[in-house]
Number of protein chains: 2
Amino acid sequence: MVTKQFNGSSGDDVDLRRADSLAREIFSDVANKWALLIIEALGERTLRFSELRNEVEGISHKMLTQNLRMLERNGLAERKAHPTVPPRVEYTLTEPGRALRGTVDLICGWTHRYLGHIEGARRRFDT
Amino acid sequence: MVTKQFNGSSGDDVDLRRADSLAREIFSDVANKWALLIIEALGERTLRFSELRNEVEGISHKMLTQNLRMLERNGLAERKAHPTVPPRVEYTLTEPGRALRGTVDLICGWTHRYLGHIEGARRRFDT
DNA sequence: CTGTATCCTAGCAGATACTG
DNA sequence: CAGTATCTGCTAGGATACAG
């Protein structure tokens with residue numbers, strides 16, 4: 001483990017390792033239930049915090065802010081705060097976010113397509 | 001909440017609700033880091049438990065068995081145990097599993113495509 | 001080799017209360 | 001309304017040991 005730091009790895013090697021761990025990190029951020037549901041809910045629309053809270057069924061206040069921060073940090077969603085009172089904060093997907101949304105749509109489509117199939121498999125397994 | 005049970009909802013309504021909660025359940029099963037990484041690792045191949053353990057970097061013994069059971073239960077992967085000693089158990093994606101794999105590939109592609117973009121967004125955000 | 005069971009801990013996630 | 005902070009229970013997930 002530690003020895004790897006001294007085995008004369010090239011600069012390219014280091015870059016690859018870093019890119020890999022970064023990719024893995026992003027994958028972990030994104031491959032999570034709430035993040036994907038938020039992205040799906042946003043779609044092409046611009047929604048307020050409270051609207052999102054209603055759209056994403058079952059999400060808690062905390063999880064929503066937490067995931068929105070994460071999406072914003074990774075540049076998948078844009079946060080626009082209007083300096084009014086009461087405050088009004090709107091969220092929109094960025095281009096990378098919209099690109100990812102396409103894949104989420106596919107997963108949703110997949111889910112509905114194989115719903116019956118999966119239900120049957122479960123019944124068979126649970127015996 | 002409870003009142004909904006008595007509001008005269010039609011049979012279709014009930015079916016829809018059930019389908020929705022099932023879809024949500026499947027989505028939760030599938031939209032998780034380890035499950036997706038296992039699916040990606042399997043691809044078109046047939047792999048043994050120990051091979052999978054090596055392919056999916058960082059996964060623990062426990063998480064692997066747990067997720068494999070889940071995949072098997074949902075009919076996404078097939079488990080074939082050879083009655084030899086020592087035991088030899090092989091896993092293969094089923095058709096629904098392979099279909100889902102296509103979407104996982106897209107997420108992976110997306111990750112690499114926007115890696116630099118995201119890295120930049122993070123740097124900007126972290127200040 | 002594969003799988004199950006047990007223990008144990010870090011961190012996830014809900015509820016609540018408080019600020020601007 | 002949106003966001004943060006604190007407290008707390010709980011469960012995900014690692015380590016380990018053992019069985020078939």
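Within every chain, numbering begins at 1; the chains are lettered A, B, ... in the order of the sequence lines, protein sequences first and strands thereafter. This is a predicted model, so every value here is computed, not measured.
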In whole Å, what is the span from the [atom1] atom of [X] to the [atom2] atom of [N]?
| X | N | atom1 | atom2 | value |
| --- | --- | --- | --- | --- |
| L64(B) | dA15(D) | CG | P | 14 Å |
| N67(A) | dG14(C) | CG | C1' | 14 Å |
| N32(A) | dA12(D) | CG | P | 14 Å |
| M63(A) | dA5(D) | CE | C1' | 14 Å |
| R88(B) | dC1(C) | CZ | C1' | 10 Å |
| L52(A) | dG3(D) | CG | C1' | 15 Å |
| K33(A) | dA12(D) | NZ | P | 11 Å |
| Q66(B) | dG3(C) | CD | P | 13 Å |

Q: Choose from dC1(C), dG3(D), dG3(C) the nucleotide whose nearest atom is closest to any side-chain atom of V89(A).
A: dG3(D)
Q.
Let's see if you can work this out: which of dC1(C), dA2(D), dT4(C) has an atom nearest to the side-chain heavy atoms of T65(B)?
A. dT4(C)
For residues 80-87 of chain A, which side-chain donor-acceptor pairs fall under 3.5 Å, sequence neighbours excluded?
unit_1	atom_1	unit_2	atom_2	d
H82(A)	ND1	R88(A)	O	3.1
T84(A)	OG1	P86(A)	O	2.9

Q: Using a 4.0 Å heavy-atom cut-off across all strands, classify R53(B) as base, sugar-phosphate, or nothing.
A: nothing
Q. Is R69(A) touching bases, backbone alone, or none of the nucleic acid, heavy atoms closer than 4.0 Å?
A. sugar-phosphate
Any [X] side-chain N or O less than 4.0 Å from OP1/OP2 of [N]:
| X | N | result |
| --- | --- | --- |
| R48(B) | dC1(C) | no |
| Y91(A) | dG3(D) | yes |
| S60(A) | dA13(C) | no |

Q | First encountered from the 5' end of DNA chain D, between L68(A) and I59(B) | A | L68(A)
Q) So with a 6.0 Å cut-off around CZ of R113(A), is the heavy-atom count from everything else above 12? A) no
(Q) Counting C-beta onward and ignoring hydrogens, is there a side-chain heavy-atom pair between I59(A) and I38(A) closer than 4.5 Å? (A) yes
Q: Answer yes if the side chains of Y91(B) and E72(B) hold a donor-acceptor pair under 3.5 Å, and no otherwise.
A: no
Q. Testing L76(A), N74(A), L71(A) for side chain to side chain contact (heavy atoms under 4.5 Å, CB included) with V30(A), which one passes?
A. L76(A)
Q. Ring centres of F49(A) and H61(A) under 6.0 Å apart?
A. yes
(Q) Give me the atom names and distance for the closest heavy-atom approach of L36(A) to A31(B). (A) CD1-CB, 3.8 Å
Below 3.5 Å is the cut-off: list the nitrogen or oxygen pairs between protein and nucleotides 16-20 of chain D, distance only.
none

